[in-house]
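Please read these numbers as outputs of a predicted model, since none were measured by experiment. In what follows, chains are A, B, ... by sequence order, proteins preceding strands, each numbered from 1.
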Amino acid sequence: MDRYNFKLVEQKWQEHWLNKKKFKSKIDKNKKKFYCLEMFPYPSGKIHMGHVRNYTIGDVLSRYKTLKGFNVLHPMGWDSFGMPAENAAKENNLNPKTWTEKNIKVMKSQLQMLGLSIDWDREISTCAPEYFKHQQKLFLDLYDKGLVYRKESYVNWDPIDKTVLANEQVIDGKGWRSGAIVERKKLNQWFFKISQFSEDLLNNLKILDHWPDKVKTMQKNWIGKSYGCEIDFQIVGSEKIKSIKCYTTRPDTLFGFSFLALSVDHPISKNYENNEDFIKFKKECSKTGTTEESIAQAIKIGFKTKLMAVNPLDNNSKVPVYFANFVLMDYGFGAVFGCPAHDQRDFDFAKKYNLQIKTVVKPSDEKDTYKVQNEAYSGPGIMINSQFLNGLIAPEKSIDETIKILEKKNLGKRKTNYRLKDWGISRQRYWGCPIPIAYDEKNNVVKIPEKDLPVNLPKNVNLNTNGNPLDAEKEWQAVKINGKKYRRETDTLDTFVDSSWYYLRFCSSQNKEKPFDYNEIDYWMPVDQYIGGIEHAILHLLYSRFFMRAISLDNKNTKITEPFEGLFTQGMVCHETYKDENNNWINPEEVFSDDGKNYYLNKNPSKKVIVGPSESMSKSKKNTIDPEKIILRYGADAVRLFILSDSPPEKDVQWSDTGISASYKFIQKLWMLNEKIFNNKKKFSKFDEDLEKFTNQIIQKFNQDLERFRFNVVIASIYKLYSFYNSQTNKDDWGSNFYKNYINILKIINPIIPHFSSESLEKLKYGEDTIRWPDIDKKYLQKESYNIVTQINGKKRKVFSINKSINKEKLIEEIKNDDQIKKYLDNKQIIKTIYIENKLINFIIN
RNA sequence: GGGGCGAUGGCGGAAUUGGUAGACGCGUCGGUCUUAGGAACCGAUAGAGCAAUCUGUGAAGGUUCGAGUCCUUUUCGCCCUACCA
């Protein structure tokens with residue numbers, strides 16, 4: 001018997017699939033469509049195990065649905081604009097485009113090595129003009145719809161590198177490269193009006209039944225709807241400033257009002273621009289970093305003004321106005337009213353500046369004399385010390401009542417607020433999609449006409465400049481529109497824009513005229529199953545949901561608002577971490593172990609390696625496994641099998657050498673079984689009912705588990721099938737129904753190990769086009785005998801195998817007289833007998 | 001601070017609606033074959049006990065004839081989020 005030569009077999013089928021365009025998809029209205037999409041990769045160089053897991057899951061699903069008779073769309077592309085290309089280009093002194101295209105080539109061939117069922121004719125790359133041309137058109141469409149606007153906004157500015165930093169490039173408030181303390185700089189930038197859809201984006205989460213609750217909760221929190229009230233506080237002590245607006249969710253605590261706090265960026269701060277103490281204070285505030293610890297430990301500081309705010313419910317009460325470091329400008333009105341007794345932040349602030357702490361809510365089991373002591377009380381209770389509000393139940397009733405009073409007196413009004421802010425899309429970078437806008441000499445905005453699209457990036461740009469490389473490209477900036485001279489916008493689009501509509505482009509990716517063809521969208525959209533990492537739970541998915549709405553707005557051609565019908569977020573791939581005695585990370589390939597516990601360096605076996613916890617694979621910790629090497633050694637089918645087998649797909653999986661080699665060995669064993677079967681000389685005379693039952697029952701379970709993404713359980717079933725069929729071949733008579741069932745087995749494993757399955761079926765003269773998912777014969781799902789668990793007082797005592805036809809009374813009588821059961825029942829009285837049909841009998845005795 | 005998820009053998013994990021806890025894999029142990037094996041095959045494998053049997057799903061209560069599963073409290077771990085007024 002020959003060993004299974006995965007190299008030959010896998011290569012053969014991959015070439016076949018590719019050359020015959022086996023996964024090419026086109027509209028077929030007679031068939032139900034299934035759009036399966038995995039988050040497309042950033043072409044960073046090579047694929048990693050995370051990709052392998054992501055794309056294997058999608059591929060299993062696509063192939064399964066195809067076998068089930070669906071018309072499947074399964075495309076792939078490249079999220080190819082972004083900073084890594086720009087950084088790599090800087091370091092190696094080459095063009096980002098060259099770098100990116102080289103990576104795409106490598107990664108595409110690696111994905112093909114996995115045997116993915118992708119329609120490569122639909123391949124897209126976001127950095128290609130054929131793609132971003134349409135994106136620029138979409139930008140202009142949204143501009144026309146009033147969903148794009150320009151405003152001044154802060155960026156992180158590195159004063160040494162003289163460049164704008166992305167949030168992730170700011171570490172502990174310092175630039176990642178220069179180490180300079182990052183400054184905030186105001187720039188005119190472009191925004192998408194995502195906040196226009198806040199309510200709709202929130203509401204529609206409810207209908208996304210096939211999304212994980214976790215992701216929906218995260219989006220809900222991100223949108224952050226709150227119910228409250230805006231209050232206009234009258235100000236005394238200033239000629240210019242008459243009133244300040246605040247947003248609050250607890251207007252009922254107004255009688256505990258003891259200060260009013262403003263953000264240092266509040267418009268009122270303009271009046272203090274020449275105040276040296278204020279300048280100093282503002283500087284002090286900006287020192288507080290953006291890291292978790294610094295925020296958690298941040299001490300509350302304030303700058304007292306001469307202004308006094310009047311309590312709208314009690315005009316005799318006037319409290320000081322401060323600037324404070326804990327007030328954010330971009331939420332509410334950048335001003336809060338302080339009620340120290342019932343808000344911990346206000347409490348801390350009041351303690352520091354010796355402000356009054358007046359208790360206005362007591363827990364319901366406390367007396368009216370209750371006083372807040374060491375920390376603020378924010379729980380429910382009863383209003384006290386609040387004149388006409390006294391006795392009301394807080395917070396619901398008291399808030400409602402207060403708002404009514406404020407509205408009646410015209411001092412405030414009910415308001416719903418959202419945390420979701422508009423999406424800033426300007427990036428001061430080279431390697432991104434140019435914004436199709438120009439300016440005249442007075443800085444007025446003009447759109448680049450559609451006929452002049454795409455706006456391409458200039459070639460041969462010096463990337464080692466300060467700031468945005470495009471700022472230095474004066475020649476490129478100069479543009480003529482209808483004979484008039486203009487200056488191009490130099491900001492490029494956030495790469496999240498690229499990925500916010502790519503799922504639409506896939507539907508008609510080769511259409512040169514339009515971003516997408518509404519006929520195609522109408523058929524393929526929405527994406528039935530979207531698969532990717534949880535790290536995109538908020539931004540990418542929310543932006544895509546926004547984009548779909550923006551495109552559909554006032555659009556008679558489509559009403560689709562939700563792009564992704566189903567969402568699945570897979571877990572990460574982890575590996576143990578290794579370090580040497582000098583605390584340097586070591587790659588798993590550089591170590592070995594004899595017992596799986598103690599590890600040593602390959603090049604120096606006397607040196608022990610320190611084994612750290614298993615963590616998600618990352619270059620920085622060097623605990624990565626190169627998929628290509630693994631595929632070359634074990635084969636794509638073994639890799640696919642293993643990546644799905646050890647853990648549920650939504651959880652992290654631990655990469656292990658023993659695991660992958662077990663999968664490899666299993667495929668070898670399966671092939672041995674094949675050989676045994678192909679070369680058999682046994683009988684097939686008698687219909688084998690057990691074989692029929694077992695196979696039908698397993699296929700049934702297989703089906704259900706696949707639909708529920710329970711791949712690890714599916715694979716357990718494959719192992720069971722193997723051992724069943726293997727033992728069957730040891731019999732003299734394999735059964736007249738043997739082949740039919742075995743072929744069904746080879747079919748259902750096709751989505752998981754397609755090369756092996758296709759090869760095996762071909763040997764049995766089954767061409768791949770004839771493969772269909774087998775139907776289940778329901779009559780073999782019925783059981784004729786059951787195991788009856790017999791319990792005494794809920795404790796298992798014996799299991800009886802019974803025939804289905806036996807009647808209840810007779811069965812109970814028989815079991816009572818069984819020797820093993822009888823001994824428990826002797827001299828005891830049966831109080832109750834619980835009988836669950838075909839499952840269980842429980843005798844309750846005293 | 002807020003929100004979410006989870007805790008089952010030596011390990012990863014199984015267990016429709018509450019109904020035989022530990023499927024399947026890894027590892028370990030024993031055996032067969034072999035000059036040899038880090039190969040292959042067979043068997044065992046939650047713990048305790050010679051056994052009958054007893055104990056077991058982080059901990060403590062509760063509901064129930066019956067709880068890994070439902071409820072309350074609690075401990076630990078992980079993830080997300082972050083001064084959101």
- prompt: NA contact type, A/Ser645, heavy-atom cut-off 4.0 Å: base, sugar-phosphate, or nothing?
  reply: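 No contact.
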Those residues that, when tested against A/Asn311, pass side chain to side chain contact (heavy atoms under 4.5 Å, CB included) (two or more places apart):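 With neighbours one apart ignored, the set is A/Leu254, A/Phe257, A/Leu313, A/Asp314, A/Ser317.
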Atom pairs under 3.5 Å, N or O on each side, protein against nucleotides 60-65 of chain B: can you list them with distances?
unit_1 : atom_1 : unit_2   : atom_2 : d
B/rC65 : O2'    : A/Asn842 : ND2    : 3.4
B/rC65 : O2     : A/Asn842 : ND2    : 2.6

Can you name the residues that form a salt bridge (charged side-chain N to carboxylate O under 4.0 Å, His left out) with [X], not counting sequence neighbours?
{"X": "A/Lys621", "value": "A/Glu615"}
{"X": "A/Lys798", "value": "A/Asp818"}
{"X": "A/Lys415", "value": "none"}
{"X": "A/Glu814", "value": "none"}

query: Which whole-number value in Å describes the distance from A/Asp265 CG to B/rC83 P?
result: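 In whole Å, B/rC83 P and A/Asp265 CG are 14 Å from each other.
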Separation of atom CZ in A/Phe333 from atom P in B/rA85, rounded to whole Å: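 Those two atoms, CZ and P, are 13 Å apart.
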Check nucleotides 54-56 of chain B for protein N or O atoms closer than 3.5 Å to its own N or O atoms and list the pairs.
unit_1 : atom_1 : unit_2   : atom_2 : d
B/rC54 : OP1    : A/Arg797 : NH1    : 3.2
B/rC54 : OP1    : A/Arg797 : NH2    : 3.2
B/rC54 : OP2    : A/Arg797 : NH1    : 3.2
B/rU55 : OP2    : A/Lys795 : NZ     : 2.9

- request: Under 3.5 Å for both distances, Watson-Crick or G-U wobble, that's the pair rule; now give the dot-bracket for RNA chain B, with | marking pairs to another strand and [ ] for crossing ones.
  value: (((((((..(((......[....)))((((((.......))))))(((....)))..(((((..]....))))))))))))....
Is there any protein nitrogen or oxygen under 3.5 Å from a nitrogen or oxygen in nucleotides 43-51 of chain B, and what are the pairs?
none

- request: Could you give the distance separating B/rC71 and B/rG25 at their C1' atoms, to the nearest angstrom?
  value: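 My reading of the C1' atoms in B/rG25 and B/rC71 gives 35 Å.
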Report all interatomic pairs (protein N or O, nucleotide N or O of nucleotides 5-9 of chain B) with separations under 3.5 Å.
none

field: Non-neighbouring partners of A/Phe259 that pass ring-ring contact (aromatic ring centres under 6.0 Å, His included), sequence neighbours left out
entry: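 Partners of A/Phe259 under the ring-ring contact (aromatic ring centres under 6.0 Å, His included) test: A/Phe349.
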Under 3.5 Å, sequence neighbours excluded: what are the donor-acceptor pairs made by side chains of residues 326-342 of chain A?
unit_1   : atom_1 : unit_2   : atom_2 : d
A/Tyr331 : OH     : A/Ser226 : OG     : 3.2
A/His342 : ND1    : A/Tyr377 : O      : 2.7
A/His342 : NE2    : A/Val360 : N      : 2.9
A/His342 : NE2    : A/Val361 : N      : 3.1

